[in-house]
Every structure is written in C-alpha cells, then in structure tokens.
Visitor: 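One structure follows; several queries about it will come next.
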Amino acid sequence: MFKINDNYLKLPGSYLFSNIAKKVAAYSEAHPEKADNIIRLGIGDVTLPLAPAVIDRLHGAVDEMADQSTFKGYAPDLGYEFLRTTIVENDYKTRGCDITADEIFVSDGAKSDSGNIGDIFSVDNKIAVCDPVYPVYVDSNAMAGRTGVYNPETEKWSNVIYMPCTRENDFCPELPEETPDIIYLCFPNNPTGTTITKDQLQVWVDYALKVGAVIIYDAAYEAYITSENVPHSIYECEGAKGCAIEIRSFSKNAGFTGTRLGFTVVPKDLKCGDVSLHSLWARRHGTKFNGAPYIIQAAGAAVYTEEGKKQTQEQIAYYMNNAKTIREGLVAAGYEVYGGVDAPYIWLKTPDNMKSWDFFDYLLEDLNVVGTPGSGFGPSGEGYFRLTAFGSAENTVKAMERIKSGKAD
C-alpha cells in the first residue's frame, strides 16, 4: 500500500493566509450586508495595475507568440539571457556586486523558491529563523522533515533555532547561541517592516563564513528601501558570495503578483566541500521546473527600461504613501508602531495586551478591517499585528478613520 509524507500531518492548522481568508469568508456569509464594506489590509497583494511599459511589452510578447518566426517554446533552464543580463546590470553591477548572468535562476516567484530551496540541502540540517517569521520558511522545512516535533503550547518546533525579534532588540535578530546550518533572513523584514544596516548584515555574513552556515536571504522588498546604509542585496557585504543565496521577486516592486516572476541568485563560489550549490540548484531547476513563460519574462525585462523604472517607482511611492498614512493614523490613535519606512508593512502592538487573534476579530467584526495577527508569524509575534500598505489610497484612509473613531463608518 502507498504511503504518504506524514510530515504534512505535523503541520499545525492551515496556512496562515488561508486561515484568514476562511475567517473573512465566514464573517461575510454570516453578515452579507457588511461584506462589501470590508477593507482588506491583511495579505500583501498589490492593487495597482501593471505599469504601462510592462503592459505594452506584454502585449508585444503575446503578438510574438502568434508569429511562427518569433514564437517561443520552452524557456532556457536558467531563464532567458536577455532578462538575466538585465537583472545583473540593474540590480547588482550598479551596487558594486560581482554577480554574473549565469548565477541568476529565473522562477515564478520568491515564495516558490523560498519553499523549494530546501531540496538541495540534507534533511539533517538545522535551520535558524527570525521570530516572527514569514511562515513559508518554517512550513516548507517541516514538510521536508527538517523541523522535528511541533509543540502547540510553545508554538515552536523542536529542531528549529528561533531568533526572537522584539522591541527590546529593535526587531533585529541576534546571533544564535546554538550553531545553525541554514539561516533565513528577510530584510526589509516581513512581517515587521524593519531593516538592518550594511554593517549589521556584514556581521551575519562573517558569522556564516566562520561557522560554515549558508544564509537564505529574502530581498523581496528591497525596492522599498529609502534609508541610507540599508543594503539592497546581501552581496554588498564582503564575502557573501561564499555563504549566501539571495531570493528576489517582481511581485512587490512591479506588481507581478498575478503574473508570477522572480529569481534566485546562487553564486558559483558557494560550496559544501567540493560540491557547488550552484550545480545542485541548476540540476533541481532543470528537473522540476519548466521555466517562467516567455511573455512574462519579456514583461519583466520591461521593468528595467527607463519608462518601466519611472512607472514602477511611482507605484512604490503610492504604496509608501499608504504606509505613511497607516503609521500616522495609528500613532494618532495611540498605537505603538514599527516599520512602514523602508517597507510596505506596518507592525503594531495590540492595545491593552490583547491577543493577536482577538485583535483580528475586533478589527473584522467592529471595524470591518482585515489585518494579519502577529502570532501567525511565530510565538514572538503574539501581541502584535501586521497591516499592509498595498490597499487603495482611499481604503487606507478609510481604514485609519475607522481605527481612530472605533467604528465602521
């Protein structure tokens, strides 16, 4: 008889955002008169349409697919060279990072790569994660059997090193006492919206090189950085090519949540003994992934054109204005607020020591506003809450008015 991967049975509940969607759906069904009044500031999904330069190139690429002379079939394993070269020139060379086009692996998004990167690592590696943390890092390792046993009382896995990120340490992780094999870092951070300086990141690179660990660096929100001395790439740090894999996304910087595009950088210098992680990821990529569609990769390259850069920066500015609205609105309402300066996420302390899910229920039922409970990101997230800046400007203002007044319209 066939057997299942029983690691899935160890996972607590459903995926965080699926659970939120179910709760909102249940509330809407029970209160149909309020369904259209709900403002969603929970999931980090963009709301602005794709930039005109991207749309124009997308249309052109579709037309190419209708002509035999320009039709494209399967994409190259690593992605089309025109996109990989464009990424290197714009995202890395301009910042002094020595990354080559053949170290870029184009994919259908950062979430996929975050979940799949564990395939090239042994199951007996020990991971270290920030707490709170983007759930995919932990859940995908749990599915692989790498996290041990889950304790529902502590909300922790027995074989995971948790690095608490609290207001006491400015929501920045400290080097762990126990030595990890794989370290997950995300900056600007999801969910807290906080950042670290280049010097702080260099400490992590030096530590990883010293102990023989690899850093999985999620830079999905780097386009939102405005502060000086906050690195956009881990490869701005000396020695990072020998210890770090970087994951990037087109979802938040260019609105590709519905079209799906991202990439992962695996430097050739990154090795385990004599084995290149680049070759392992290339083997995995070629075997299990058939490439992002040509039309999407063509549209992705348009993000880097002069018009594409201008238009996507305008979209980022729009969302960051929403972040400012949320920050100022929450502060005016008396909340303790973090993030929202170099990231589209705002992290707030729940009032009166209210539990995160209780605050979720209050916002949904009393104010018809949806956010994300901090405890869904890990035990250190209890007592906190995340709001996103990806809603419309109108709804963002309206949500803050409701929070300040304590009533739904």
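Because only heavy atoms are used, hydrogens play no part in the values below, and waters and symmetry mates are left out as well, while side chains stay in.
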Visitor: Going by salt bridge (charged side-chain N to carboxylate O under 4.0 Å, His left out), name the pairs with one or both residues in residues 57-68, residues two or more places apart or in two chains.
Guide: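 Only Arg57-Glu64 qualify under salt bridge (charged side-chain N to carboxylate O under 4.0 Å, His left out).
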Visitor: What donor-acceptor contacts under 3.5 angstrom involve side-chain atoms of residues 173-188, with partners at least two apart or in another chain?
Guide:
residue, atom, partner, partner atom, Å
Glu178, OE2, Lys126, NZ, 2.6
Asp181, OD2, Lys126, N, 2.7
Tyr184, OH, Asn141, ND2, 3.0

Visitor: Is any NZ, NE, NH1 or NH2 atom of the basic residue among Glu246 and Arg248 found under 4.0 Å from an Asp or Glu carboxylate oxygen of the other?
Guide: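 The answer is yes: the pair qualifies as a salt bridge.
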Visitor: Classify the angle between the aromatic ring planes of Tyr362 and Phe359 as parallel (below 30°), tilted (30 to 60°) or perpendicular (above 60°).
Guide: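 The arrangement is tilted - the two ring planes meet at 30° to 60°.
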Visitor: Can you list the residues that meet the side-chain contact (heavy atoms from CB on, under 4.5 Å) rule with Met143, with sequence neighbours excluded?
Guide: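 Checked Met143 against side-chain contact (heavy atoms from CB on, under 4.5 Å); matches are Tyr8, Leu11.
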Visitor: Main chain of Ser233, side chain of Glu222: is a donor-acceptor contact present, judged purely on distance under 3.5 Å?
Guide: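 No, Glu222 side chain to Ser233 backbone: no donor-acceptor pair under 3.5 Å.
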Visitor: Are any of the side-chain nitrogens in Arg40 or Asp45 under 4.0 Å away from the carboxylate oxygens of its partner?
Guide: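 Result for this pair is no, no salt bridge flagged.
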Visitor: To the nearest 0.5 Å, what is the distance between CG on Asp77 and CH2 on Trp281?
Guide: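 The CH2 atom of Trp281 is 12.5 Å from CG of Asp77, to the nearest 0.5 Å.
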Visitor: For Asn253, does its backbone N or O pair with a side-chain atom of Tyr224 as donor and acceptor, under 3.5 Å?
Guide: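 Checked: no pair found.
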Visitor: What distance separates Asp218 CG from Ile234 CD1, expressed to the nearest 0.5 Å?
Guide: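 With rounding to 0.5 Å, CG (Asp218) is 11.0 Å from CD1 (Ile234).
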Visitor: Side chains of Asn189 and Thr192: any donor to acceptor distance under 3.5 Å?
Guide: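 Yes - a donor-acceptor pair under 3.5 Å links their side chains.
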Visitor: Which donor-acceptor pairs under 3.5 Å do the side chains of residues 344-351 make with protein atoms, sequence neighbours left out?
Guide:
residue, atom, partner, partner atom, Å
Tyr345, OH, Tyr221, OH, 2.7
Lys349, NZ, Gly383, O, 3.4
Thr350, OG1, Met354, O, 2.6
Thr350, OG1, Gly383, O, 3.0

Visitor: Do NZ/NE/NH1/NH2 and the carboxylate oxygens of Glu306 and Lys310 come within less than 4.0 Å?
Guide: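 Result for this pair is no, no salt bridge flagged.
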Visitor: If you define the side chain from C-beta out and look only at heavy atoms, does anything of Tyr27 sit under 4.5 Å from Val370?
Guide: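 SC-SC contact between Tyr27 and Val370 ruled out.
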Visitor: Under a 4.0 Å N-O cut-off, is there an ion pair linking Lys268 with Asp102?
Guide: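 Judged by the 4.0 Å cut-off on N to carboxylate O distance, Lys268 and Asp102 do form a salt bridge.
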Visitor: Do Phe263 and Phe105 make the cut of ring centroids closer than 6.0 angstrom?
Guide: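 Centroid separation for Phe263 and Phe105: 6.0 Å or greater.
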Visitor: According to side-chain contact (heavy atoms from CB on, under 4.5 Å), who are the partners of Asp342, at least two apart in sequence or on a separate chain?
Guide: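 By the side-chain contact (heavy atoms from CB on, under 4.5 Å) rule, Asp342 matches Thr195, Ile225, Thr226, Ser227.
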Visitor: May I ask you to check whether Ser112 and Asp108 show a side-chain donor-acceptor distance below 3.5 Å?
Guide: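 Their side chains do contain a donor-acceptor pair, which is all the 3.5 Å distance test asks for.
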Visitor: So does Asp352 have more than 12 non-hydrogen atoms from other groups sitting under 6.0 Å from CG?
Guide: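 12 or below, so no.
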Visitor: If I take atom CG from residue Leu387 and atom CG from residue Leu330, how far apart are they, to the nearest 0.5 angstrom?
Guide: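 That separation rounds to 6.0 Å.
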Visitor: Checking side-chain contact (heavy atoms from CB on, under 4.5 Å) for the pair Val24/Ile38: CA distance, chi angles, key distance, verdict?
Guide: CA-CA 9 Å; Val24 174; Ile38 295 174; 4.2 Å; yes
Visitor: Side chain of Asn368, backbone of Leu364: donor and acceptor closer than 3.5 Å?
Guide: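 Between the backbone of Leu364 and the side chain of Asn368 there is a qualifying donor-acceptor contact (under 3.5 Å).
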Visitor: Does anything in residues 135-162 form a salt bridge (charged side-chain N to carboxylate O under 4.0 Å, His left out)? List the pairs, not counting sequence neighbours.
Guide: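 Qualifying pairs: none.
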Visitor: Looking only at side-chain N and O atoms, does Glu394 offer a donor or acceptor that is under 3.5 Å from a partner on Ser392?
Guide: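 On atom types as modelled, these side chains do not qualify, holding no pair under 3.5 Å.
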Visitor: Under the criterion ring-ring contact (aromatic ring centres under 6.0 Å, His included), I'd like the reasoning laid out for Phe377 against Tyr134: C-alpha separation, chi angles, the key distance, then a yes or no.
Guide: CA-CA 6 Å; Phe377 298 102; Tyr134 179 46; 8.1 Å; no
